[in-house]
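Below is one structure, written out as structure tokens; comments come after it.
In what follows, chains carry the letters A, B, and so on, assigned in the order in which the sequence lines appear, proteins first and then strands, with residues in each chain numbered from 1.
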2 protein chains.
Amino acid sequence: MATGRSHRPATRSRGIPEATVARLPLYLRALTALSERSVPTVSSEELAAAAGVNSAKLRKDFSYLGSYGTRGVGYDVEYLVYQISRELGLTQDWPVVIVGIGNLGAALANYGGFASRGFRVAALLDADASLAGRLVAGLPVRHIDELEAIVADNQVSIGVIATPAGAAQEVTDRLVNAGVTSILNFAPTVLSVPDGVDVRKVDLSIELQILAFHEQRKAGEGRQEPDGDVPAVMPA
Amino acid sequence: MATGRSHRPATRSRGIPEATVARLPLYLRALTALSERSVPTVSSEELAAAAGVNSAKLRKDFSYLGSYGTRGVGYDVEYLVYQISRELGLTQDWPVVIVGIGNLGAALANYGGFASRGFRVAALLDADASLAGRLVAGLPVRHIDELEAIVADNQVSIGVIATPAGAAQEVTDRLVNAGVTSILNFAPTVLSVPDGVDVRKVDLSIELQILAFHEQRKAGEGRQEPDGDVPAVMPA
DNA sequence: CCATCTTTGTGCACGCGTTCACAAAGACAT
DNA sequence: ATGTCTTTGTGAACGCGTGCACAAAGATGG
Ligand SMILES: NC(=O)c1ccc[n+]([C@@H]2O[C@H](COP(=O)([O-])OP(=O)(O)OC[C@H]3O[C@@H](n4cnc5c(N)ncnc54)[C@H](O)[C@@H]3O)[C@@H](O)[C@H]2O)c1
Ligand SMILES: NC(=O)c1ccc[n+]([C@@H]2O[C@H](COP(=O)([O-])OP(=O)(O)OC[C@H]3O[C@@H](n4cnc5c(N)ncnc54)[C@H](O)[C@@H]3O)[C@@H](O)[C@H]2O)c1
């Protein structure tokens with residue numbers, strides 16, 4: 001039946017709730033640690049503690065994937081690692097390009113956890129011609145003009161943006177135009193992308209401001225803050 | 001009823017919903033851009049577009065702060081910048097320590113947007129004695145043993161962790177013990193902290209995995225299946 | 001085979017967050 | 001002053017996410 005799929009409500013992924021998807025990597029990390037310690041099985045209670053979530057939530061999350069547990073025993077660690085990996089699409093190779101090899105881009109390129117889960121850095125791109133050819137994390141920096149060819153040749157579908165904010169939209173447009181359909185944005189800008197392209201953002205400044213908000217509240221907790229510290233400056 | 005015994009639902013901040021708090025920095029950024037262009041007023045529709053959110057959501061968000069708009073006109077940009085800054089606690093100075101001055105920590109120290117909103121890097125700390133004294137972004141790296149003294153002397157309440165995962169909990173414990181009550185964690189680990197301490201995490205690997213999940217769905221959707229609900233379940 | 005014990009899987013209720021839709025407020029023109 | 005037009009502020013409905021609580025499933029021991 002033709003269900004109304006006009007726009008994307010940002011949820012509803014083939015029955016797996018978005019909130020669950022966001023936690024699967026967390027479970028996977030905890031399970032991988034157990035696997036390395038050769039732990040055969042784990043209960044929802046133990047795994048939930050390791051992942052820092054509620055055990056009922058974890059069980060419900062897993063129930064979306066299927067009935068992979070054994071009552072009275074728990075979950076088989078290896079089996080669950082495989083199932084979650086498969087569900088997340090980590091059993092295949094994901095070529096990634098990083099655009100903007102400055103302080104942050106270089107750090108990302110050097111990040112070991114990058115390649116550890118099927119993500120392979122296909123290329124490092126920068127507009128600064130003087131960087132071209134320079135090795136960063138063992139890879140040569142290529143000029144941004146090679147973007148389209150590199151994305152096409154390597155079938156890159158994921159792009160990471162670590163350029164200044166002013167260049168982020170332009171880089172996004174080029175990435176999308178070249179065929180990239182997932183973008184991880186570190187620049188502090190809102191990106192416009194067509195339907196079908198996913199954008200996730202990492203913003204240090206926003207995180208700090210959220211912490212500051214709560215910090216401020218903690219500081220003024222015992223004391224009643226009078227609301228009168230706003231002078232009568234009325235808007236025009 | 002009798003079940004009203006919740007410790008901390010992670011929400012309920014003096015009436016301002018957590019989801020709203022998380023968007024305030026977004027609005028602030030858009031408003032700051034308008035302010036720099038000397039735009040005097042802005043409608044909820046325009047500002048929402050700039051911040052990438054729904055206009056009704058924006059208006060409701062602002063309604064938690066007060067009635068700062070003028071019907072038929074919109075919001076006074078300067079006034080709103082001030083109100084949001086004050087609400088977020090950005091009118092005061094927030095000393096921050098960064099622990100773990102490796103690839104990422106150095107990039108963070110060099111990040112300009114850090115100081116732009118009242119966040120001041122009080123110190124850079126690392127366990128590697130050979131780094132001590134070295135200048136990063138104009139600041140000398142101090143040894144981790146100075147942590148307690150630095151936090152106390154500078155009244156640091158926010159700590160950023162950029163150490164390897166294995167050291168993150170230990171660093172957290174020391175930070176908390178020294179008086180830090182807000183932590184931004186870049187290490188891929190779940191941190192345990194006592195009540196009253198806020199932790200926010202930034203995890204590149206998790207973001208990529210979420211993107212990969214959706215990317216996988218895209219790849220297997222528009223191809224063969226016309227409206228396929230269940231695309232070929234792989235047996236184990 | 002039966003009893004007991006552990007742990008899963010989920011029905012259910014509740015609260016938060018989002019969005020629609022519109023009355024009210026105010027600016028502005030006449 | 002009065003009418004018109006724009007835009008805010010919010011009541012209400014709805015859907016998603018969370019967590020409780022428990023029946024069912026299955027392991028284990030006798
Ligand atoms: N450094 C951090 O810790 C940090 C933290 C949060 C966010 N950010 C954001 O990440 C981005 C990068 O930060 P950074 O500190 O690495 O800056 P940077 O100036 O060190 O690096 C930016 C790089 O992007 C390149 N570049 C500029 N325009 C380009 C274009 N059109 N195409 C390709 N490359 C281009 C530059 O040549 C430079 O090498 C910024 O948007 C910054 O706000 C950085
Ligand atoms: N580099 C990235 O782009 C990136 C991205 C995501 C997450 N991370 C995470 O951020 C962390 C840092 O990454 P990195 O690439 O900068 O690693 P790195 O090895 O370059 O730097 C780690 C630094 O921490 C210091 N350190 C180790 N133990 C310490 C301790 N007990 N106290 C104080 N300092 C200590 C080390 O001396 C080193 O300088 C890691 O947990 C990594 O997984 C990094």
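Qualifying salt bridge (charged side-chain N to carboxylate O under 4.0 Å, His left out) partners for Arg174(A), counting only residues two or more places apart in sequence or in other chains: Asp145(A), Glu148(A). Not counting sequence neighbours, the partners of Glu215(B) by the side-chain contact (heavy atoms from CB on, under 4.5 Å) test are Trp94(A), Ser157(A), Thr181(A), Ser182(A), Lys218(B). With sequence neighbours excluded, no residue forms a salt bridge (charged side-chain N to carboxylate O under 4.0 Å, His left out) with Glu78(B). Every residue was checked against the salt bridge (charged side-chain N to carboxylate O under 4.0 Å, His left out) condition with Arg117(B), not counting sequence neighbours, and none meets it. Partners of Arg71(A) under the salt bridge (charged side-chain N to carboxylate O under 4.0 Å, His left out) rule, at least two apart in sequence or in another chain, do not exist in this structure. Under the rule for a side-chain contact (heavy atoms from CB on, under 4.5 Å), Ala33(A) has no partner lying at least two apart in sequence or in another chain. Scanning for ring-ring contact (aromatic ring centres under 6.0 Å, His included) contacts around Tyr64(A) gives an empty result, with sequence neighbours left out.
Sorted by first and then second residue, the side-chain hydrogen bond (donor to acceptor under 3.5 Å, both in side chains) pairs involving residues 160-173 of chain B (not counting sequence neighbours) are Gln169(B)-Asp173(B). Residues in residues 19-43 of chain B take part in these ring pair (Phe, Tyr, Trp, His ring centres under 6.0 Å) pairs, two or more places apart or across chains: Tyr27(B)-Phe62(B).
Here Tyr64(A) lies out of heavy-atom contact (under 4.0 Å) with every strand.
Tyr75(B) has its OH atom 13 Å from the P atom of dG26(C), to the nearest Å. When rounded to the nearest whole Å, the span between CD1 of Ile16(A) and P of dG17(D) equals 12 Å.
Of the residues in residues 43-61 of chain A, those with a non-hydrogen atom less than 4.0 angstrom from any atom of DNA chain D are Asn54(A), Ala56(A), Lys57(A), Arg59(A), Lys60(A). DNA chain D is contacted by Arg23(A) of residues 22-38 of chain A, taking any non-hydrogen atom closer than 4.0 Å.
Put simply, the side chain of Ser63(A) does not reach to within 4.5 Å of the side chain of Arg59(A), judged on heavy atoms.
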- Item | Per-nucleotide protein contact string for nucleotides 24-30 of chain D, where B marks a base within reach and S marks sugar-phosphate only (heavy atoms under 4.0 Å, - for neither) | BB-S---
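Taking the nucleotide of DNA chain C with the nearest heavy atom to each of Thr20(B) and Phe62(A), the more 5' of the two is matched to Phe62(A).
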